[in-house]
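Note on naming: letters A, B, ... go to the chains in the order of the sequence lines (proteins, then strands), and numbering restarts at 1 for each one.
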Amino acid sequence: MSELITPQTLKGFRDYLPTAMLVREKLTDIARQVYRSYGFSPIDTPALEYANILLGKGGDESDKQLFRFIDSGERDVALRFDLTVPFARFAAEHSAELGVPFKRYHLGLVWRGEKPQKGRYREFMQCDFDTIGTTSNAADIETLLVIHDLLVKIGFERFTIRVNNRLVLNGLLDKLGLTGQTAGVLRALDKLAKIGRDGVIGEMTEKVGTTAEQAASVLDLAGLKGSNTEILDRLESLLVGSEIGLLGVSRLRELCQVAVTAGVPEERVQLDVSIARGLDYYTGTIYETFLTDLPGIGSVCSGGRYDNLAALFTKEKLPGVGASLGLDRLLAAMEELGLVAQTSTPAQVLVVCFDGDRIGDYCRIGRVLRQSGISTEVFPDAKKVGQQFKYADRKGFRIALVAGSNEFAKGVWQVKDLKSTQQAEVPEADLVSHIQGILAQSI
RNA sequence: GUGGCUAUAGCUCAGUUGGUUAGAGCGCCAGAUUGUGGAUCUGGAGGUCGCGGGUUCGAGCCCCGUUAGCCACCCCA
């Protein structure tokens, strides 16, 4: 007698049941579709990298969160904690074959050994897209458009993409004499929404070492209110004499204007000087996307511009801009907002097994429907019709097909729309078009 | 990584100051005179109370450890 092993998943790792997986796949399909529609090409990289490729790229914090071990060949290896660092390695390794500009998307799992919470897991999926090899603001603008289209396609209407530019922040900090402390100041500033004005001042004076006056000035600048244009005008006057600061302002100004011209509703793009992003490698435009109905879950799609993605791997300069959709965080949000469908089958039609001797006919009609792109499941047992209908209903089938001796004699099928409860007797020749008609009616 | 809260049926929970065979709702399975589901009614299955140790005559309830979930910090998708 052997002891039973407790079936359990690792802390922060999860199983996905069909209901959850169907939604996940729907989102990844949408992401692929949107990325490809802008000309981004797919790539993939290994889950494991040499540890030295990944170490030191996201600061001490991400080093501590690495799943790192020695493999059986004595190699020091680690699981990737994002898709950007592997992309840097990839770009350096293959730059000669890629040509510029190079646009890629990459959907993949990443791993971080941090403490799990709602919407934060140790294994989660990121959906990245980046454009490298150009410093043009057009790429920054396109990044904004992709983020926007992505959320709209997924079904969100109420969200804002907050944008900022590191150049503006750096220019402002230079003017205040805080050039050397940018990282700490930005990190504190990034928490404004969470810990409030006094909290940020406290952190800046105690942990970063600024004076209270400097901290207050930073906050005044970061807290600028008004329309995007008003903020930009104000920043412009504050940054007189700072070349980089003014460059940042002009890039942001163009970003905001062009987004509107391109058809993005104005209220969805919000200039916010307090958005700083924790990651050190951003140098230009910064994006963070918040759901209006659930801001507390954090940014669901973030990114920015970097001057030199692969500086540690190659002497070639590879500037770029991109962003990452946090699929699992977005799913956690959708679940909390009640936006996830409860179906647990990918099929649309269930063929009821009414007569066990007619399995051949049921399988045949299934193939006919599939050839027209209608996914169809044939019930395997000649159970009571009521039970089969119940099964169809629970799993979320849209249509049930029934045929017994009466129907076979007439060459027809009973087609029941499980949603409207309408049933029709349809000649086999018209079956495909009839079903397509039902499926075309809303969701 | 630091600090805290929680852990009882598939899910959401009840279980009185430790006291005999641990409950409910929902869900699941099966029926309600054998060709139609989401309603109602009837019946049924399902728990060694997360796991391991300890205290006690006796532990779901107290103590310690462990695993997992959640919350705050940290950081971030």
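- Side-chain contact between A:Asp128 and A:Tyr35 is absent, with no heavy atoms from C-beta onward closer than 4.5 Å.
- Looking at the side chain of A:Tyr121, the nearest of the listed nucleotides B:A77, B:C75, B:G37 is B:A77.
- The nearest whole Å value for the distance from the CZ atom in A:Phe81 to the P atom in B:C74 is 20 Å.
- Position along RNA chain B of the nearest nucleotide to A:Thr9 versus A:Arg329 favours A:Thr9 as the more 5'-ward residue.
- The side chain of A:Lys11 contributes no N or O atom lying less than 4.0 Å from OP1 or OP2 of B:G1.
- Place A:Leu325 and A:Arg14 on RNA chain B by their nearest nucleotides, and A:Arg14 ends up nearer the 5' end.
- Under the Watson-Crick or G-U wobble criterion, with both distances below 3.5 Å, B:G19 is paired with B:C57.
- Cation-pi geometry between A:Arg24 and A:Tyr16 is met: under 6.0 angstrom from the ring centre, within 45 degrees of the axis.
- Salt bridge present: A:Asp328 and A:Arg14 bring a charged side-chain N and a carboxylate O closer than 4.0 Å.
- Between A:Phe159 and A:His148, the two ring planes are tilted [angle within 30° to 60°].
- The interatomic distance linking A:Ile399 (CD1) with B:U36 (C1') rounds to 15 Å, in whole Å.
- Comparing B:U21 with B:C49, their C1' atoms are spaced 15 Å from each other, to the whole Å.
- Pairing partner, B:G3: B:C71, with both Watson-Crick or wobble hydrogen-bond distances short of 3.5 Å.
- Applying the Watson-Crick and G-U wobble criteria (two distances, each under 3.5 Å), B:G43 pairs with B:C29.
- Between A:Ile286 atom CD1 and B:C76 atom P there is a gap of 12 Å when expressed in whole angstrom units.
- The CG atom of A:Asn308 lies 9.0 Å from the OG1 atom of A:Thr283; values are rounded to the nearest 0.5 Å.
- Remark: C1' of B:A77 and CG of A:Leu294 are 14 Å apart, rounded to the nearest angstrom.
- Using atom C1' as the reference point in both B:C29 and B:A9, the two lie 15 Å apart (nearest Å).
- Between the C1' atoms of B:C63 and B:U56, the separation comes to 12 Å (whole Å).
- Residue-level contact check: A:Gly113 touches neither bases nor backbone, having no heavy atom under 4.0 Å from any strand.
- As a whole-Å value, the separation of A:Asp328 CG from B:A77 C1' is 8 Å.
- When the P atom is compared between B:G10 and B:U6, the two are found 23 Å apart, to the nearest whole Å.
- B:G37 has no base stacking with the ring of A:Tyr391 when judged by centroids under 5.5 angstrom apart and an interplanar angle below 30°.
- Look at A:Asp29 and A:Arg32 and you find a salt bridge, because one of the NZ, NE, NH1 or NH2 atoms lies within 4.0 Å of a carboxylate O, short of that distance.
- Between the P atom of B:G35 and the CD atom of A:Gln388 lies a distance of 12 Å, rounded to the nearest Å.
- Checked against the 6.0 Å centroid threshold, A:Phe40 and A:Tyr105 do not count as a close aromatic pair.
- The base of B:A77 sits with one of its N or O atoms less than 3.5 Å from a complementary donor or acceptor on the side chain of A:Arg112.
- A:Arg268 and A:Glu157 are not joined by a salt bridge, as no carboxylate oxygen comes within less than 4.0 angstrom of a charged side-chain nitrogen.
- A sub-4.0 Å separation between OP1 or OP2 of B:G69 and a side-chain N or O of A:Lys115 is absent.
- Side-chain atoms of A:Lys384 stay outside donor-acceptor range of the base of B:U34, with no qualifying N/O pair under 3.5 Å.
- Cation-pi geometry between A:Arg104 and A:Phe87 is met: under 6.0 angstrom from the ring centre, within 45 degrees of the axis.
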Could you pull out the protein-nucleic contacts involving nucleotides 38-46 of chain B (nitrogen or oxygen on both sides, under 3.5 Å)?
| unit_1 | atom_1 | unit_2 | atom_2 | d |
| --- | --- | --- | --- | --- |
| B:G38 | O4' | A:Asp393 | OD2 | 2.9 |

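- Nucleic acid contact class of A:Lys395 (heavy atoms, under 4.0 Å, all strands): none.
- No cation-pi contact links A:Arg162 to A:Tyr287, judged by a cut-off of 6.0 Å to the six-membered ring centre and 45° from its axis.
- The same atom, C1', is picked in B:C28 and in B:G15; the two are 24 Å apart, to the nearest Å.
- Going from the P atom of B:G3 to that of B:U48 covers 34 Å, rounded to whole Å.
- The side chain of A:Gln117 places an N or O atom within less than 4.0 Å of a non-bridging phosphate oxygen (OP1 or OP2) of B:C71.
- Between the side chain of A:Glu114 and the base of B:A77 there is at least one donor-acceptor pair of N/O atoms closer than 3.5 Å.
- Side-chain nitrogen and oxygen atoms of A:Gln387 include at least one within less than 4.0 Å of the OP1 or OP2 phosphate oxygen of B:A30.
- For B:U34, there is no paired base (Watson-Crick or G-U wobble, both distances below 3.5 Å).
- Here the separation of B:G25 from B:C41, taken at their P atoms, is 11 Å to the nearest Å.
- Here the C1' atom of nucleotide B:U36 and the CD atom of A:Glu407 are 11 Å apart, to the nearest Å.
- Summarising the geometry, the separation between CZ on A:Arg120 and P on B:C75 is reported as 10 Å, rounded to the nearest angstrom.
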Quick one: which protein N/O atoms are closer than 3.5 Å to N/O atoms of nucleotides 10-12 of chain B? Pair and distance per line, please.
none

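- For A:Gln414 against B:U36, no side-chain N or O and base N or O form a donor-acceptor pair under 3.5 Å.
- A:Phe13 and A:Tyr121 have their aromatic ring centers separated by at least 6.0 angstrom.
- Salt-bridge check for A:Arg358 with A:Asp355: failed, with every basic side-chain N at 4.0 Å or more from each acidic carboxylate O.
- B:A22 and B:A30: their C1' atoms are spaced 26 Å apart (whole Å).
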